[in-house]
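Beneath this line is the structure, given in structure tokens, with notes to follow.
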Amino acid sequence: MPKVRTRVAPSPTGDPHVGTAYVALVNYCFAKKHGGEFVLRIEDTDQTRSTAESERAILETLRWCGLSWDEGPDVGGPHGPYRQSERSSIYREYAGKLLEQGDAFKCFCTPERLEEMRVAQRASGRPSRYDGLCLSYSPEDVARREAAGEPYVVRMRVPDEGVCVVEDLRRGPVEFEYKTVDMQVLMKSDGLPTYHLANVVDDHLMGITHVFRGEEWLSSAPKHLLLYSYLGWQPPKLMHLPLLRNPDKSKLSKRKNPTGILFFRAMGYLPEALVNFLALLANAVRDGEDEIMDLPAIVRRFEIEHVPTGGPVFDLPKLDWLNGRYIRERLDPATFARRVTDWGISPQRLTRLAQLAAPRIERFSDLGPLLAFLFSGRLSLRPEDLRGTKLDDVEMRRAFTLALTELDALPVWDALGIEAVLKRIAETLGKKTRDVARPFYVAITGSPTSIPLFDSMELLGRDIVRERLRGALQLLGGAG
RNA sequence: GGCCCCAUCAUCUAGUGGCCUAGGAUGCCGCCCUCUCACGGCGGUAACGCGGGUUCGAAUCCCGCUGGGGCUACCA
């Protein structure tokens with residue numbers, strides 16, 4: 001029996017998500033429960049979306065949660081590198097092997113043709129699936145096109161007939177007819193692999209024995225199983241975890257709810273409470289058992305067969321209750337003091353605040369009202385508070401809506417970038433920056449007079465800013 | 001549209017054919033404690049989606065329906 005090895009493989013394409021922490025926790029628990037190892041791998045094969053900043057934040061927040069990995073891009077290990085962008089030659093090798101075996105082929109089809117094909121397939125009620133045009137080309141044809149410099153991708157071959165049975169550890173056998181499984185792209189025209197190839201190759205090479213991943217992967221499991229068999233490898237055991245949901249039951253998304261681990265940190269949740277809460281979502285307690293438990297206890301009582309299959313709503317009020325219990329039951333006054341300091345009034349943060357606040361106060365006692373917004377969750381505002389003279393409701397809605405998307409797209413969250421976004425929005429609206437800034441001051445700081453806006457936003461963090469803008473928008477009756 | 005997953009209180013869930021006139025937790029309501037509030041204690045509210053089977057017996061097994069969700073990219 002080989003040693004149990006699990007992994008979490010986040011994609012560094014945005015702010016770290018609680019779903020990632022949930023999946024990481026399950027993989028961590030399973031590995032530790034069985035005396036195995038837990039690996040962190042970065043899936044950055046999408047070079048247009050991946051950022052170093054996102055990777056850094058993911059590592060930092062997972063560590064904040066108390067999860068540690070035995071191997072990973074920062075700690076190294078015998079199966080590295082742990083960043084897929086550094087493993088290109090490995091994927092090329094296996095793509096080459098698949099091509100040679102005839103289990104993959106070069107595809108020269110244009111995006112336009114593929115799009116047309118899919119539209120037609122959908123219209124006639126068929127599954128969306130590559131029609132195999134490029135499979136019909138002779139080797140000479142392929143060589144000629146390649147020599148002519150036609151761009152191509154490498155696609156995996158999928159049988160037209162038969163059934164693939166995916167054995168899910170929790171759900172049992174799940175059947176897929178091969179004719180409903182698409183001939184996925186394995187190597188993009190930029191020479192980098194897609195997730196499908198990279199995850200199979202890496203899981204094998206890294207000796208991963210069990211894969212716990214989100215349910216969104218269940219329908220592509222047949223492709224992965226097929227690749228394992230083409231390459232002559234033993235696939236790991238698979239289990240698909242339910243997706244965390246918004247209160248409206250859709251997949252948890254930052255458009256509707258706080259989803260960022262950074263949000264929970266900025267709001268003053270304790271990492272042990274957050275992890276405890278996520279653990280409850282994976283393994284509920286039995287009657288009479290206390291719901292508070294630390295990581296070792298979570299690991300000890302972890303049972304994969306008790307992970308629910310239905311997607312749970314991320315129930316913020318319950319997290320609040322649990323976090324409150326941690327604060328009043330698990331923090332002695334000294335620890336309380338230290339953790340509050342680390343959270344909001346660390347010397348570094350106070351130094352920064354000093355520069356921003358000192359010019360605006362006459363007594364230290366002015367600090368309370370001036371900086372209260374930095375130590376608050378939601379602000380209680382009325383629509384009248386937002387209204388000034390320079391922007392009407394329609395314009396404000398427009399400005400907030402634009403800000404919501406543009407701020408999300410900022411690669412690095414700092415005052416400079418935020419300023420650029422606000423100025424661009426003012427320009428779009430044909431207004432002065434100062435006039436556009438006013439409602440933002442109110443929405444973000446709760447008052448039209450405050451310490452500088454862009455710094456305030458930076459200090460609050462992207463997630464809280466998003467929540468406050470969303471709140472302001474709601475006050476004005478929705479997006480514009 | 002096609003494929004797949006899922007289905008117990010508002011929410012998280014226990015429940016793996018009789019222990020269930022369905023248990024716990026959050027939320028909400030009430031009472032108690034109390035210099036306020038909160039905490040805490042006690043009590044209450046509230047669910048097996050529907051229809052067929054199988055069985056002596058079904059929340060538990062099977063089928064259909066309905067509902068929800070995911071996937072359907074040269075993103076993961």
Side-chain angles (χ1 to χ4, degrees), chain A residues 9-14 17 19-20 42-50 54 84 107-111 114-115 118-130 151-155 164 166 168 170-172 174-182 184-199 213-223 240-252 277-292 305-325 327-329:
Chain A
S11 177
T13 54
H17 195 279
T20 305
I42 295 294
E43 308 240 336
D44 57 350
T45 55
D46 184 346
Q47 55 179 349
T48 59
R49 294 200 308 150
S50 300
S54 173
Q84 291 185 329
C107 174
F108 299 88
C109 292
T110 62
L114 293 171
E115 180 57 23
R118 289 181 188 124
V119 168
Q121 285 168 336
R122 177 179 282 239
S124 62
R126 283 173 294 157
S128 182
R129 185 177 196 261
Y130 183 66
Y152 66 87
V153 299
V154 175
R155 269 179 204 283
C164 176
V166 176
D168 184 284
R170 186 64 229 285
R171 294 160 208 260
V174 181
E175 295 189 357
F176 295 85
E177 287 195 79
Y178 279 123
K179 66 179 182 217
T180 69
V181 177
D182 199 3
Q184 258 295 328
V185 170
L186 299 178
M187 296 289 279
K188 300 176 272 188
S189 52
D190 65 5
L192 291 179
T194 57
Y195 168 85
H196 303 284
L197 208 220
N199 108 83
R213 52 169 18 168
E215 191 188 337
E216 75 254 50
W217 296 109
L218 182 53
S219 32
S220 47
K223 297 165 194 167
H240 295 88
L241 270 14
L243 261 18
L244 270 26
R245 313 278 188 95
N246 296 309
D248 70 1
K249 305 279 191 183
S250 58
K251 174 162 103 168
L252 193 63
F277 176 72
L278 292 174
L280 255 17
L281 257 28
N283 272 185
V285 297
R286 298 314 187 100
D287 291 5
E289 197 182 353
D290 193 350
E291 288 188 296
I292 284 208
E305 42 284 340
H306 285 114
V307 176
T309 46
V313 170
F314 193 93
D315 189 24
L316 216 41
K318 178 130 184 192
L319 206 212
D320 288 339
W321 165 80
L322 195 62
N323 200 59
R325 279 196 65 188
I327 288 175
R328 72 184 90 96
E329 294 176 24

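Labels below follow one simple rule: chain letters A, B, ... track the order of the sequence lines, proteins then strands, and each chain is numbered from 1. For the numbers below, each heavy atom of this structure counts, side chains included, while hydrogens, waters and symmetry mates do not.
Note on ring orientation: taking the six-membered ring where Trp is involved, the planes of A:Y195 and A:W217 are parallel (angle under 30°, cut-offs 30° and 60°).
At a threshold of 4.0 angstrom between heavy atoms, the contacts of A:V153 include nucleobase atoms, whether or not backbone atoms are also involved. Across all strands shown, A:R286 has heavy atoms under 4.0 Å from sugar-phosphate atoms exclusively, and none from any base. In this structure, A:R129 reaches neither bases nor backbone, as no heavy-atom distance under 4.0 Å exists between it and the strands shown. Residue A:T45 is classed as a sugar-phosphate contact, given heavy-atom separations below 4.0 Å to backbone atoms only. Contact annotation for A:E43: backbone-only contact, meaning every heavy-atom pair under 4.0 Å involves sugar-phosphate atoms and none involves a base. Residue A:P247 is classed as having no contact, given no heavy-atom separation below 4.0 Å to the nucleic acid. At a threshold of 4.0 angstrom between heavy atoms, the contacts of A:F176 are confined to the sugar-phosphate backbone, with no base atom among them.
For B:A59 and B:G49, the C1' atoms lie 12 Å apart once the distance is rounded to whole Å. For B:U66 and B:G51, the C1' atoms lie 10 Å apart once the distance is rounded to whole Å. For the C1' atom pair drawn from B:A14 and B:G24, the interatomic distance equals 7 Å after rounding to whole Å. Using C1' as the reference atom, B:A46 and B:G23 are 14 Å apart when rounded to the nearest Å. Rounded to the nearest Å, the gap between the P atom of B:G64 and that of B:C56 is 24 Å. Distance noted for atom C1' between B:U21 and B:A58: 15 Å (whole Å). When the P atom is used for both B:C33 and B:G41, the distance is 16 Å, rounded to whole Å. Remark: the separation of the C1' atoms in B:A22 and B:G40 is 29 Å, to the nearest Å.
Here the side chain of A:D315 is nearest to one of B:A73, B:U11, B:G1, namely B:U11. Residue A:R49 places its side chain closer to B:A76 than to any other of B:A76, B:U26, B:A25.
Within 3.5 Å, no donor on the side chain of A:R328 pairs with an acceptor on the base of B:C39, nor the reverse. Applying the 3.5 Å distance criterion, the base of B:C74 shares a donor-acceptor pair with the side chain of A:S189.
For A:S220 and A:S128, each mapped to the nucleotide of RNA chain B holding its nearest heavy atom, the one lying further toward the 5' end belongs to A:S128. Summary of the strand contacts: A:E175 and A:D46 both lie near RNA chain B, and taking for each the nucleotide with the nearest heavy atom, the more 5' one is attributed to A:E175.
For the pair A:K223/A:T194, no side-chain contact is recorded, criterion being any heavy-atom separation below 4.5 Å from C-beta on.
Applying the salt bridge (charged side-chain N to carboxylate O under 4.0 Å, His left out) test to every pair with at least one member in residues 308-320 of chain A, sequence neighbours left out, gives these pairs: A:E291-A:K318.
Here A:R118 pairs with A:L114, A:Q121, A:S128 under the side chain to side chain contact (heavy atoms under 4.5 Å, CB included) rule; sequence neighbours left out.
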